[in-house]
Amino acid sequence: MSQGRFFDMMKKLKQLISLVATVALVASCTQQQQEVEDPLKPIPTEPVIVKPTTPAKPKPAKPVKPEKPAKPFVPAAPGVRVSSVSVPGKYVAITFDDGPHATLTPQVLDVLKKYGAKATFFVAGSNAARYPSIMARAAAEGHEIGNHTYSHIQMTAATQEKIDSEISRTNALIEAATGSKPKVMRPPYGAINSKLVSRMFNTYGLKSILWNVDTNDWRRPGSSVVVQRALDGAKPGAIILMHDIHAGTAAAVEGIVTGLQARGYTLVTVSELIEMGRVAAKAAEPKPAPVVAPAAPATEVTAPVTEAVAPEEAPIADPLAPLPVEVPAAQGSATLGGVAI
Ligand code: NI
């Protein structure tokens, strides 16, 4: 081998080695790039650190919730929001909102007095402040005075501070004029919700009174229409809505009172109506009878029969003392004579 040829071979060998090295380098670079871009091997290690921090967040939010129910919310007691009452008789409550009025309210009071009828007046504090003597007269004559806010606000759109001010101012005026705190309130426009109903009762002892007969007298349809609507809507336990600031309403009162009385209705205040409903509901509750059973031994057959008839008659004759004497006389049967004994 000549020296020149040896150098040639060495040169080619160098080139070959260089080429192989370059190819190998390029290949490894490509492989590294592919490895970085494609698989997500490094990511699984990161979320392990992130995940434990996220579940820790909802934990501090939970302890806030149990504090809320402990504070104010008390559900409205049954019978605190009333639009009619279930009563065992022909009783109705007529109600007058927005007064007192200087001349019309006394006119209404005169009619009620003439016929021995009772009503409820939901006064606006702004008018109550002007006519305390009219409220005093109404209360003295057996009527009920209720709260209708001071300036006839829509309670559902007012702040709590405003509502408290409106209610407490009017309560104070009613108490100053009549000597007693009101037990009932009527939200202007009938705008009220469960939260307000609860607040009225829990804070002020006021039941929220709505209605189930609306005469729409404020539209001034004429006295005869107001009378007709009141009479048509009346049923036992009804609460009838009117306003004693309209002349047409004041003129309709006599027709309403006499019409209702002619149909056998007694006109009472709202609180009286509610009390009747409460007493009736309590009386209707099933009473424990086991005390009666052991008292009547099986040997006496006649005794239980006598006892069974007596309680049936009792509720009918209940309010009137002379009735027990009259009933047997009217029916006059021999059986009844035996029962009476
Ligand atoms: Ni009103």
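Just so you know, these numbers use all the heavy atoms, side chains as well, and skip hydrogens, waters and symmetry mates. As the structure lists them, so they are numbered: ligands from 1, and atoms in each ligand from 1.
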Please step through salt bridge (charged side-chain N to carboxylate O under 4.0 Å, His left out) for the pair D98 and R186, ending with a clear verdict.
CA-CA 10 Å; D98 300 351; R186 173 167 284 154; over 6 Å; no
The Ni ion (ligand 1) to nearest N/O/S of H243 below 2.8 Å
no
Judged by modelled atom types alone, do H243 and D217 share a side-chain donor-acceptor pair under 3.5 Å?
yes
Do V92 and V82 land in one hydrophobic cluster if side-chain heavy atoms of ILVMFWY residues count as linked below 4.5 Å?
no
So the angle subtended at the Ni ion (ligand 1) by H148 atom NE2 and H152 atom NE2, rounded to 10 degrees, is 90°
Name whichever N, O or S atom of D98 ends up nearest to the Ni ion (ligand 1).
OD1
Under 3.5 Å, is there a donor on one side chain and an acceptor on the other for T105 and D244?
yes
